[in-house]
Structures are given as C-alpha cells and as structure tokens.
There are 2 protein chains.
Amino acid sequence: MARKTGSHSEITGPRVQAAALRLIAQHGFAAVSMRQIAAEVGVQAGALYNYTNDKQTLLFDLLRTHMEHLLNALGTLPETGTPMARLEAFCRFHIAYHIERPDEVFISYMELRNLSADNFAAIEALRRRYESHLDAILKDGQAAGHFALDDARVTTFAVIAMLTGVNTWYREDGPLSKTDLADLYWTLVRRAVAA
Amino acid sequence: MARKTGSHSEITGPRVQAAALRLIAQHGFAAVSMRQIAAEVGVQAGALYNYTNDKQTLLFDLLRTHMEHLLNALGTLPETGTPMARLEAFCRFHIAYHIERPDEVFISYMELRNLSADNFAAIEALRRRYESHLDAILKDGQAAGHFALDDARVTTFAVIAMLTGVNTWYREDGPLSKTDLADLYWTLVRRAVAA
DNA sequence: GTCTATATGCTGATAGAC
DNA sequence: GTCTATCAGCATATAGAC
C-alpha cells in the first residue's frame, strides 16, 4: 500500500482533531492559533488545511462530533421501565459521560459564541434533542403520578445544569469514586422530583 | 474646576469597563480587541491605557469587581433565622442577582481561562468565599436536623450549578416572571435537601 | 486625557515545489 | 500530504504632540 509523497502518518486527521480539542479546551478557540495546533500535531500550519476548510469548520466539527456521540450513546439506554428507573439511568449516564469527556463538554458550552450563525443553529438543535430526552421522561413520570413537578421544562434545565456542574469540580484522584458521585447526584435529583 | 486638555468626559473610565464587559460577554476575551472596546467607547485605542495597564488587567478588574459586588450583596442577607429560611433567602438572592447581571456572571465563568495564574487564584478565592456561605447554611441545617444531606460539599456545588443555570435559558420577556422562576427553583432545592 | 503614528509580532489562509 | 514562503491584515502596547 503506497503512501502518498510526504505522508508521515495515516492518522493525521484524528490527531488534528485531538490537538485542537485539547488546546481549545485549555485556552479558548480565539486564543488558539492554527500554528499552535499544527505544532502540537507536529506538522506545519499549512498542512492543517488538508483536514479542514478553515478554523471555523474545525471548531464546528469538534462540537458536532461530540453532540452526535453523545446522542448515539444516549440512544443505547433502555427506553422501557418506570419513569423513575429511566430518570436514574439518564442521570447516571449523563454524569458518567460528562466526567469521561471533560474537554468536549467544556468547549460545547464555552465556544458556542464562536460558531457562525448556521453552525450555532445546528449545534443547538442537537442539544435540544438531548434535552428533550430528559423532558420526555419527566413528563411521563408526571403523567403517571410518580413525579410531582411544578414545571417539567424548568426541571429539565435545572437537572441538566446541576449534573453538568460536576465537571467544574470533580477530580478522579479526589476522595469520591465515580459511583459515589453518581449516587450523591441521583439522590438529589430523586428527592427533588419524587411525588 | 478646570478639565485637563482634551478631556471630553468625566466618566470615560466606567464607560471603558462597561464596553469591555459587554463586548467580552458577547464575543469572548481573546476575540475582542482593544480597538473594538475603544470604538464602543468612542475614543482611540491608545486612550484606553489611561484606565488600565493592559488588557489582562482590564479583564481581571471586571471579574474582581463582579465578585466583590456579589459578596457585598450577599453580606446584606440576614444571618439569623432557621437554616431553611436562610437557604431560601440564599437561593432567591442568587437567582435574582444572576438574572440581573447576566454579562458579569457569564464572563466570570467563561473567562477564567484567560486570567494569569495570580489573577485566577484571586478570583477563585473570592468564589470560594461565596460558596462557603451556602456550605455553612447547609452544614448548620444538617447539624440541626432540618436537612438530610449525604455530602454538604457536593450539595453546595450541585445547588449553585443548578441555580446559576437559569442564565442559560431564562428570558425576562418569556412566560415566567422572576417570582415564578425563583419559586420553581426554590421548590426543587427545598425538596432535594429537606429531612 | 486624547490624539496620531509607529514598533514589533502574530494571524488565517493560499501558492507552488516536492 | 507536507513543506516553505508569502500575503495582507490586525494585535497589543508605547511615544510624543497637543
């Protein structure tokens, strides 16, 4: 299998994504230059444009890929069971996924401002799909009398904000195991919504 | 009272702060240039350096001022009453203050990355002082048997994240009044912590 | 206190050699 | 697919006139 001239790697594309993700999470999109990303990968800046049309597209692809992975993973959760069981599964999933991918989560909240209008709309649509999953669970549980909610939509925002907040303080080398963590948050959510 | 030569305003300093706040909240610190801030104020870029040593200091002063105002306002809350009453007062205060100053809150979370190490440490210390206020209420209520908390520290993080999340979706021209909003969040918090 | 002018360096992106 | 070289523009910050 002949390589093309000058190719030193079969996987430069993913390495560009990984470098961009790490650097943008650390310094912010506007503060990171294409040259910095190239240096992290070990190529010259011009070579990056074999893998992205421009810097904006690079950011958009990072966010879109993250949201699609998140939605795919969400899709593997069982859709049967009581609303309470489904809510617990969602909460544990959300925490586990977010702890596992802090950089992706971080830039998906922090860099929305730096998306073009079209790209922003696309990411927001994916985010709404994710939130609507929780919203549906809450409304089902409300209708079945398992939950006592004054406003399901607000509860969705509140629960997601609370759970996502773990990324601002949780450290894997700290005193709490991931199971402890999920148990603590689940207890808070359960008590907040239970009838 | 003689003005100095070329002075066109007694309040350029505050106007610089306000312009920087608005632009940074909208576009991000690294994406906003001193020229943009100057244009918003109506002066040339060089004139900004009469009011700040450099761009970094401008950001730091915005965040420090916000945190100090927040702590001062927090200090006006009554420190007497049951832990439940103090918790309710804190929650309503936090939501009201954050809704009232969305730009300041936004940059205080988003631009921490762009602070120098020393400046970051200073802002983090102020933030910890704020969080410790809620932590103290939770621990008092726990000790008095009014709250049932598995972990007061985690509950502090969870409650603050949940309440701060209002800024990501709440709009004053939407269907919910500020009172409705505070009532909804307070209900969630109360049920999550009550014994 | 604000202006103009400038020093110095970095930016995103492209062209063409290999 | 990666390199080098380059374009045209904008960045922060400062100096000195007024």
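Lettering follows sequence order; numbering is per chain, from 1.
- Looking at every heavy atom in both residues, B:Leu63 comes nearest to B:Leu112 through CD2-CD2, 4.1 Å.
- Remark: the B:Thr57 side chain and the B:Asp54 side chain contain an N/O donor-acceptor pair separated by less than 3.5 Å.
- Proximity of B:Thr12 to the phosphate of C:dG1: no side-chain N or O atom is located under 4.0 Å from OP1 or OP2.
- In this structure, the CZ atom of A:Arg35 is 7 Å from the P atom of C:dG12, given to the nearest Å.
- Across the protein-nucleic acid pair, B:Gln56 atom CD and D:dA13 atom C1' stand 15 Å apart, rounded to whole Å.
- In this structure, OH of B:Tyr49 is placed 16 Å from C1' of C:dG1, rounded to the nearest angstrom.
- Of the residues A:Trp169, A:Tyr170, A:Tyr185, the one that meets the ring-ring contact (aromatic ring centres under 6.0 Å, His included) test with B:Phe157 is A:Trp169.
- Side-chain proximity of B:Asn50 to the nucleotides D:dA13, C:dG12, C:dG1 is greatest for C:dG1.
- For the pair A:Asn53 and A:Ala31, nearest-nucleotide mapping onto DNA chain C gives the more 5' position to A:Ala31.
- Listed pair A:Ser33 / C:dC10 fails the phosphate criterion, with no side-chain N or O lying under 4.0 Å from OP1 or OP2.
- The side chain of B:Tyr51 approaches C:dT2 more closely than any other nucleotide in the set D:dG1, C:dT2, D:dC3.
- Taking B:Arg191 as the reference, nothing meets the salt bridge (Lys or Arg N to Asp or Glu O under 4.0 Å) condition, with sequence neighbours excluded.
- Between B:His94 and B:Tyr130, the ring planes are tilted. Angles from 30° to 60° get that label.
- For DNA chain C, the residues of residues 38-46 of chain B within the heavy-atom distance limit of 4.0 Å (strictly under) are B:Val43, B:Gln44, sorted by number.
- With contacts defined as side-chain heavy-atom distances shorter than 4.5 Å, the pair A:His98/A:Leu163 does not qualify.
- For B:Asp118, the CG atom is loosely surrounded, since the number of other residues' heavy atoms within 6.0 Å does not exceed 12.
- Here the nucleotide nearest the side chain of A:Gln36, chosen from D:dT14, C:dT11, D:dG1, is C:dT11.
- One atom, NZ of B:Lys55, and another, C1' of D:dA11, lie 8 Å apart when rounded to the nearest Å.
- If you take CD1 of B:Ile11 and C1' of C:dG1, they are 15 Å apart, rounded to a whole angstrom.
- Atoms CE (A:Met34) and C1' (D:dA11) sit 18 Å apart, rounded to a whole Å.
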